[in-house]
Amino acid sequence: MKAILHTAWATASRLTCCVLVVTSFSAQAQAPVQAPVQVQAPVQVQVQAPVQVQVQVQAQAPAQAQAQAEGQAQRQLLRQEVAAVRALPAAAIVSSRSGTFDTSAASGTTPQRAVVLAPHITELMYAAGAGQYIVATIDRSDFPIQALDIPRVGDGISVSAEAVFAARPDIILDWRPSGAASTLKPLANRQGIPVIYIEPHSLDDIPSQIERLGRLFGTGHHANAAALTLQQHIDSLRNQYGQRAPLSVFIQIGDPPLFTIGRDPVLNDALKACGGSNIFADLATDAAQVSRESVLLKQPEVIIAPQTDAHHLQALRNRWAKLDLDAALNGNVYAINADQLFRPGPRLIDATQRLCKLLDAAR
């Protein structure tokens, strides 16, 4: 199952099958806190500790040992801080559709140092002309190519609070208040660092979030132009394909076990723009495990797989053809790049265009 979680994260940072519940300090959180800890102490140490270690490596051994001991002591302070704030009431959740953000963000200054905890937000930041303000992100943030040079604070399933605050952010961008954000937000609140959530719920939300980031980081001119281009592209696809003969679609994620997209609003909106409908749109979660029997009962007319390897795609077609699924027998099993399809960023619009053309070929 751990392998499935990593696969799901690689394909969709927002899927509920990969809810982020792991933090780097979960074990230490059980330790009792003897006294309140000043908020600034952990941050000051996290900024300075790496520099001290680099300098002391060239010094004598006793000095190096002293520096390591100091670093361990200060890391313990941060762990105590994490434990202390876990009991605090959660702050109000920001709606990504409202175009607003935490009142704590309204400090009168433009953010200059952003920690980004989701790949699609990294892509949105660059689209908004604000990529240069990202000081740390997670492993899966690999597009555009400039993002590969950004320091990492975790792998998307687990995020290091120490590394996050060592980056000295003045804003943290995440996709949902669960997972890593549930630990980081109380810490950030105590240090006056706003946490903003960027989770598009439709194709239209993608350009609107780009505009929002442009307002937030002072790159509105660039962001507005990019958002307008994307919105025109979305409108064009809807006008061209949205009213064509409807097709039922099964979106397959991994096998075995067999996972699929459920009520995910962005992907279902993309299908709708192309005149398609998700056979599992009525599931209670964004993504879920399903049986082959349930797929055969629903008889989708098209199968979409997040696959780029031709050999694997052919193997998938053969498996369904052996089960006499009409979509496979008719050759209507297609591949779309997983990152483009499952990340609600600008490239999803390009993936939607490919999706529309594939569904049109199946008609």
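All values below come from the heavy atoms of this structure, side chains included, with hydrogens, waters and symmetry mates left out.
- For the salt bridge (charged side-chain N to carboxylate O under 4.0 Å, His left out) test, no residue two or more places apart in sequence or in another chain qualifies with Arg317.
- Panel note: side chain His120, backbone Pro200; no donor-acceptor pair is recorded below 3.5 Å.
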Assess whether side-chain contact (heavy atoms from CB on, under 4.5 Å) is satisfied between Leu359 and Tyr241, documenting all intermediate values. CA-CA 9 Å; Leu359 295 190; Tyr241 298 100; over 6 Å; no

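- Side-chain contact check for Ile134 versus Tyr126: some heavy-atom pair is nearer than 4.5 Å.
- In plain terms, the two heavy atoms of Ala161 and Leu187 that are nearest each other are CB-CD1, 4.4 Å.
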Go through the steps for Leu237 and Leu203 under the test side-chain contact (heavy atoms from CB on, under 4.5 Å), then give the verdict. CA-CA 11 Å; Leu237 291 174; Leu203 292 180; over 6 Å; no

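- Considering every non-hydrogen atom in both Ser141 and Pro119, the closest pair reads OG-CA, 3.5 Å.
- Side-chain atoms of Leu173 and Leu117, non-hydrogen and from C-beta on, never get closer than 4.5 Å to each other.
- Within the structure, the ring pair (Phe, Tyr, Trp, His ring centres under 6.0 Å) test picks out the following pairs touching residues 131-161 (sequence neighbours left out): Tyr133-Phe217.
- Closest of all the heavy-atom pairs between Gln289 and Pro257 is NE2-CB, 3.3 Å.
- Taken to the nearest 0.5 Å, the CG atom of Leu267 stands 6.5 Å off from the CG atom of Leu348.
- At least one donor-acceptor pair closer than 3.5 Å links the side chain of Thr137 to the backbone N or O of Val116.
- To the nearest 0.5 Å, the span separating CH2 on Trp175 from CZ on Arg343 amounts to 13.0 Å.
- The neighbour count for Ile145 CD1, taken as heavy atoms of other residues, nucleotides or ligands under 6.0 Å away, does not exceed 12.
- Taken from OG1 in Thr109 to CG in Asp170, the straight-line distance is 7.0 Å, to the nearest 0.5 Å.
- Remark: Ile210 CD1 to Arg215 CZ distance equals 12.0 Å, nearest 0.5 Å.
- Taking 4.5 Å as the limit, every side-chain heavy atom of Val195 sits out of range of all side-chain heavy atoms of Leu184.
- Annotation: side chain to side chain donor-acceptor pair (under 3.5 Å) contacts of Gln340 (sequence neighbours excluded): none.
- Proximity of a side-chain donor or acceptor of Ser160 to a complementary backbone N or O of Gly154 within less than 3.5 Å is not detected.
- In this structure Arg292 satisfies the salt bridge (charged side-chain N to carboxylate O under 4.0 Å, His left out) test together with Asp255, sequence neighbours excluded.
- A heavy-atom distance below 4.5 Å is found between the side chains of Pro346 and Leu230.
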How far apart are the C-alpha atoms of Gln353 and Ile349, what are their side-chain angles, what is the distance that settles it, and do they pass the side-chain contact (heavy atoms from CB on, under 4.5 Å) test? CA-CA 6 Å; Gln353 179 174 347; Ile349 313 306; over 6 Å; no

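- Residue pairs meeting the salt bridge (Lys or Arg N to Asp or Glu O under 4.0 Å) criterion with at least one member in residues 324-335, sequence neighbours excluded, do not occur.
- The other residues sharing a hydrophobic cluster with Leu313 are Phe250, Leu258, Ile279, Phe280, Leu283, Val290, Val295, Leu296, Ile303, Leu316, Trp320, Leu323, Leu325, Val333, where clustering joins ILVMFWY side chains under 4.5 Å apart.
- Under the 3.5 Å distance criterion, the side-chain polar atoms of Arg263 are matched with a main-chain donor or acceptor of Ala284.
- Counting only residues at least two apart or on different chains, the disulfide (SG to SG under 2.5 Å) pairs with a member in residues 172-288 are Cys274-Cys356.
- Closest approach of Ile206 and Pro344 over heavy atoms only: CG1-O, 3.7 Å.
- Listed by first and then second residue, the disulfide (SG to SG under 2.5 Å) pairs that reach into residues 159-252 come to none, sequence neighbours excluded.
- Taking the side chain as every heavy atom from C-beta outward, His233 and Thr229 never approach each other to under 4.5 Å.
- The distance from atom CG of Asp286 to atom CD1 of Ile261, rounded to the nearest 0.5 Å, is 7.5 Å.
- For the pair Leu271/Ile251, a side-chain contact is recorded, criterion being any heavy-atom separation below 4.5 Å from C-beta on.
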Verdict with supporting geometry, Val249 and Ile304, side-chain contact (heavy atoms from CB on, under 4.5 Å): CA-CA 7 Å; Val249 180; Ile304 298 296; 3.8 Å; yes

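- Put simply, the side chain of Leu216 reaches to within 4.5 Å of the side chain of Pro111, judged on heavy atoms.
- For residues 299-312, no pair satisfies salt bridge (Lys or Arg N to Asp or Glu O under 4.0 Å), with sequence neighbours left out.
- Under a 3.5 Å cut-off, the side chain of Arg113 and the backbone N or O of Arg168 do form a donor-acceptor pair.
- The structure places CZ of Arg190 at 14.0 Å from NZ of Lys185, a figure rounded to the nearest 0.5 Å.
- Residues Leu228 and Pro207 fail the side-chain proximity criterion, which asks for heavy atoms closer than 4.5 Å.
- Of all heavy-atom pairs between Leu247 and Ala362, the closest is CD1-CB, 4.1 Å.
- For the pair Asp139 (side chain) and Arg152 (backbone), a donor-acceptor distance under 3.5 Å is absent.
- Identified under the salt bridge (Lys or Arg N to Asp or Glu O under 4.0 Å) test for residues 223-251, with sequence neighbours left out: Asp204-Arg238, Arg238-Asp269, Arg244-Asp360.
- For Thr219 (side chain) and His222 (main-chain N/O), no donor-acceptor pair under 3.5 Å exists by modelled atom type.
- Sorted pairs that involve residues 271-280 and meet salt bridge (Lys or Arg N to Asp or Glu O under 4.0 Å), not counting sequence neighbours, are lacking altogether.
- For the residue pair Ala136 and Ala167, the shortest heavy atom distance occurs at CB-CB, 4.1 Å.
- Residues satisfying the side chain to side chain donor-acceptor pair (under 3.5 Å) criterion with Thr260, sequence neighbours excluded, are absent altogether.
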